[in-house]
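This report concerns only the one structure given below.
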Amino acid sequence: MPEGHTLHRLAHELTDAFAGRRVRVGSPQGRFADSAALLDGQVLVGAEAWGKKLYVEFHGDRFVYVHLGLIGGLDVHRDVDEVPAPVGQVRLRITTPTAYADLRGATACELVTPEQRDAAIARMGPDPLRPESDPNRAWDRIRRSRLPIGRLLMDQGVLAGVGNVYRAELLFRHRMHPLRPGNTLRVGQWRAMWEDLVELMHEGVRTGRIDTVRPEHTPEAMGRGARIDDHGGEVYVYRRTGQPCHVCGRPVRTAVLDARNLFWCSRCQPTFRSRAVS
DNA sequence: CTCACATGTTAAG
DNA sequence: TTAACCTGTGAGC
């Protein structure tokens, strides 16, 4: 779940549920207990996401930095009659009489200063979900790098918020092999990819899913009539190893790059200058 | 039921 | 490079 769209969605949910309200803050599991005690009873100002990082602001310039990592989750419940007892290992719980939010399994949950928050944001590449983001900052890195585009897209210092699903799907939609060196891209290709990301990720925030298959490529439209595997959305190649490409029918390929799985179609995303593995 | 693996990152070795 | 984080899901028995 947690690519950038998830965090932006959660920021909206937290803001809707708690912004401007005095809240109770606790750490049933205990690991955030000291910080929670400092925040308990304070007004929650709002929540904002930058890439995959989430910042929950409390009165007095206090920020809780949350990173869900691979397995973390944050559930927000509004308009409840009663706040239930926590279930499982709840690192952070925020409550009002009619709403509660539970954080579990996160990589990071820390109280940070505005300076620490600003510094972290400054190290991040542009986030397609933030309107002020400048795609040229990412392009300056990509165009000068011989590293594979598949690696650059996942580097949060180059681009903030893209994870393995958006990476795989973006590269497919732009017919680009994941191992193609960044410095072989043309600026027009990058601009098209950025525009696409902005659109796809905003849709992801709206729907809470990652859907990337164009209507003309759905199995029904292609006359295949098969079901689509559901990985929380409708996708071209992500986790579809060995299954037929929705466009050309060839089996989807996979490889490991930087300890993460790549997925691509060797016909739709051809190799580039024979450097890459086909 | 148990097991492997996952949309991520950091720190230890 | 590997383990750790610590949860959820799906496959296999």
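Within every chain, numbering begins at 1; the chains are lettered A, B, ... in the order of the sequence lines, protein sequences first and strands thereafter.
- Phe32(A) places its CZ atom 19 Å from the P atom of dC5(C), with the value rounded to the nearest Å.
- At dA6(B), one or more side-chain N or O atoms of Asn261(A) fall inside 4.0 Å of OP1 or OP2 (strictly under the cut-off).
- Distance CD1 (Ile71(A)) to C1' (dT7(B)): 13 Å, rounded to an integer number of Å.
- Here the side chains of Thr98(A) and Arg78(A) are not in contact, with every heavy-atom distance at 4.5 Å or above.
- Between Leu185(A) and Arg180(A), some side-chain heavy-atom pair lies under the 4.5 Å cut-off.
- In this structure, CD of Gln156(A) is placed 12 Å from C1' of dT7(B), rounded to the nearest angstrom.
- The side chain of Tyr238(A) places an N or O atom within less than 4.0 Å of a non-bridging phosphate oxygen (OP1 or OP2) of dT7(B).
- Within residues 116-126 of chain A, no residue has any heavy atom closer than 4.0 Å to DNA chain C.
- Checked by atom type and distance alone, the side chain of Glu3(A) pairs as donor or acceptor with a backbone atom of Val165(A) at under 3.5 Å.
- With respect to the salt-bridge test (charged N to carboxylate O, under 4.0 angstrom), the residues Glu48(A) and Arg117(A) qualify.
- Among the nucleotides dT9(B), dT7(C), dT7(B), the one closest to any side-chain atom of Thr107(A) is dT9(B).
- Distance check on atom P: dA4(B) versus dA4(C) gives 15 Å, rounded to whole Å.
- With rounding to whole Å, Arg240(A) atom CZ is found 17 Å from dA6(B) atom P.
- Trp50(A) carries Arg130(A) over the face of its six-membered ring, with the cationic atom under 6.0 Å from the centre and within 45° of the normal.
- With rounding to whole Å, Gln29(A) atom CD is found 11 Å from dC5(C) atom P.
- Side-chain atoms of Arg239(A) lie closest to dT7(B) of the nucleotides dT7(B), dG8(B), dT7(C).
- When the C1' atom of dT2(C) is taken as reference, atom CG of Asp258(A) falls 15 Å away, rounded to whole Å.
- Within 4.0 Å (heavy atoms only), Arg91(A) reaches sugar-phosphate atoms of the nucleic acid but no base atom.
- Straight-line distance from the NE2 atom of His67(A) to the C1' atom of dA11(B): 15 Å, rounded to whole Å.
- Between Leu70(A) atom CG and dT2(C) atom P the separation is 18 Å, expressed in whole Å.
- A salt bridge (charged side-chain N to carboxylate O under 4.0 Å, His left out) with Asp155(A) is found for exactly one of Arg260(A), Arg141(A), Arg167(A), namely Arg141(A).
- Applying the 4.0 Å criterion to OP1 and OP2 of dG8(B), one finds that Arg260(A) has a side-chain N or O inside that range.
- Within the nucleic acid shown, Gly69(A) comes within 4.0 Å of at least one base atom, counting heavy atoms only.
- Spacing between dT1(C) and dT7(B) at atom C1', rounded to whole Å, works out to 23 Å.
- In this structure, Tyr236(A) and Phe172(A) have parallel ring planes: the angle between them is below the 30° cut-off, well short of the 60° mark.
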